[in-house]
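Working notes, structure below.
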Amino acid sequence: MAVNAGDAGAAAVGVGDAAPDFELRDQHGTPVRLSGFRGRKKVVLVFYPLAFSGVCTGELTRLRDEFRDVAGDEGDVRLLAVSVDSMFALRAWSDQEKFWFPLLSDFWPHGGTAQRYGVFDEAKGLALRGTFVIDTEGVVRWKVVNALPDARDIDEYRKALAGL
């Protein structure tokens, strides 16, 4: 079931809005800046609650297994996954699950990027399952926010990307 991202407490980023820029460190400590992809790649920005949790593991391993043809190093799409977990937890999870895409740590300020996108649950202290498809000009072209227990359908990402 999709939920209104505005329920997360901050103004939600909508379709047609400029995607708020950010710089977060990935599971290896490498800084990744959203605007660094502008003019070069579309971005699928996936916020998820917590590393090692059941639904998140299912979603991200499906992306690992089924999305490389779209968002691998040679493609025109970059997949970025963001949670409030520390860089160290993300590294352990990435090593365990063999993720090929960046897992970005929104650890400090705690959930700051998720807040800017309107997908941070203040009461629980974690990100909702928000997904944003961003074009090469940095504009949000598609989004969905799912309730915490509801896994996303990555086939919808493919459809959204095909429409760009």
Side-chain angles (χ1 to χ4, degrees), residues 1-15 17-37 43-67 71 77-134 138 140-157 160:
M1 170 183 153
V3 296
N4 181 344
D7 293 343
V13 172
V15 173
D17 291 344
D21 196 20
F22 61 83
E23 181 174 291
L24 297 171
R25 294 197 179 274
D26 71 8
Q27 68 267 38
H28 304 288
T30 305
V32 175
R33 180 173 288 280
L34 179 63
S35 59
F37 300 103
V43 174
V44 175
L45 180 61
V46 176
F47 289 91
Y48 62 97
L50 294 169
F52 295 101
S53 62
V55 176
C56 294
T57 298
E59 286 183 320
L60 270 67
T61 55
R62 185 164 179 222
L63 286 169
R64 177 199 66 204
D65 297 343
E66 299 178 27
F67 212 62
V77 176
R78 191 61 167 152
L79 174 62
L80 303 176
V82 181
S83 78
V84 298
D85 295 293
S86 74
M87 178 185 70
F88 305 105
L90 295 177
R91 176 68 184 263
W93 194 40
S94 179
D95 288 351
Q96 175 182 302
E97 299 297 337
K98 306 204 180 343
F99 292 127
W100 50 264
F101 47 87
L103 302 181
L104 304 179
S105 176
D106 195 13
F107 185 74
W108 198 257
H110 189 73
T113 300
Q115 289 173 22
R116 291 180 63 215
Y117 277 79
V119 294
F120 187 74
D121 185 320
E122 291 281 343
K124 293 185 169 102
L126 46 75
L128 299 173
R129 294 182 195 286
T131 306
F132 300 82
V133 172
I134 302 164
V140 175
R141 295 298 176 191
W142 183 85
K143 81 170 208 180
V144 67
V145 180
N146 289 57
L148 291 176
D150 299 332
R152 291 167 272 214
D153 181 357
I154 64 170
D155 292 331
E156 293 297 318
Y157 304 1

- Query: With respect to Val77, which candidate in Val43, Val44, Val133 satisfies the side-chain contact (heavy atoms from CB on, under 4.5 Å) definition?
  - Reply: Val44

- Between Thr131, Val145, Thr113, which is the residue that forms a side-chain contact (heavy atoms from CB on, under 4.5 Å) with Phe47? Thr113

- Just how far is it from atom CG of Leu45 to atom CG of Leu104, taken to the nearest 0.5 Å? 8.0 Å

- One should read off an interatomic distance between Thr61 OG1 and Phe99 CZ, to the nearest 0.5 angstrom, of 6.0 Å

- Message: Could you walk me through whether Trp93 and Thr57 satisfy the side-chain contact (heavy atoms from CB on, under 4.5 Å) test, starting with their C-alpha distance in whole Å, then the side-chain angles of each, then the deciding distance to 0.1 Å, before giving a yes or no?
- Response: CA-CA 9 Å; Trp93 194 40; Thr57 298; 3.4 Å; yes

- Residue pairs involving residues 86-96 (criterion salt bridge (charged side-chain N to carboxylate O under 4.0 Å, His left out); sequence neighbours excluded): Arg91-Asp95

- Query: If you look only at pairs with a residue in residues 96-115, which of them pass as a salt bridge (charged side-chain N to carboxylate O under 4.0 Å, His left out), with sequence neighbours excluded?
  - Reply: Arg64-Glu97

- Message: Would you compute the distance between atom CG of Leu128 and atom OH of Tyr117 and round it to the nearest 0.5 angstrom?
- Response: 15.0 Å

- Would you call Asp155 and Arg62 a salt bridge, taking side-chain N to carboxylate O under 4.0 Å as the test? yes

- Message: Among Leu103, Leu24, Asp26, Val82, which residue satisfies the side-chain contact (heavy atoms from CB on, under 4.5 Å) criterion with Val32?
- Response: Asp26

- Item | Partner set under side-chain hydrogen bond (donor to acceptor under 3.5 Å, both in side chains) for Thr30, not counting sequence neighbours | none

- With distance as the sole test, does Arg152 use its side chain to make a donor-acceptor pair with the main-chain N or O of Gly130 at under 3.5 Å? yes

- Residues, nucleotides or ligands: over 12 heavy atoms within 6.0 Å of Phe88 CZ: no

- Task: Please identify each residue that fulfils ring pair (Phe, Tyr, Trp, His ring centres under 6.0 Å) with Phe37, with sequence neighbours left out.
- Result: none

- Note on the structure: Contacts of Gln96 meeting side-chain hydrogen bond (donor to acceptor under 3.5 Å, both in side chains) (sequence neighbours excluded), chain-then-number -> none

- Interatomic spacing from CG in Leu60 to CZ in Phe101 - rounded to 0.5 Å: 4.0 Å

- Message: Has Ser83 got a side-chain atom pairing as donor or acceptor with Pro49's backbone, closer than 3.5 angstrom?
- Response: no

- Task: Using the test ring pair (Phe, Tyr, Trp, His ring centres under 6.0 Å), find all partners of His110 that sit at least two apart in sequence or belong to another chain.
- Result: Phe120

- Message: With rounding to the nearest 0.5 angstrom, report the CG to OH distance, Leu79 to Tyr157.
- Response: 8.0 Å

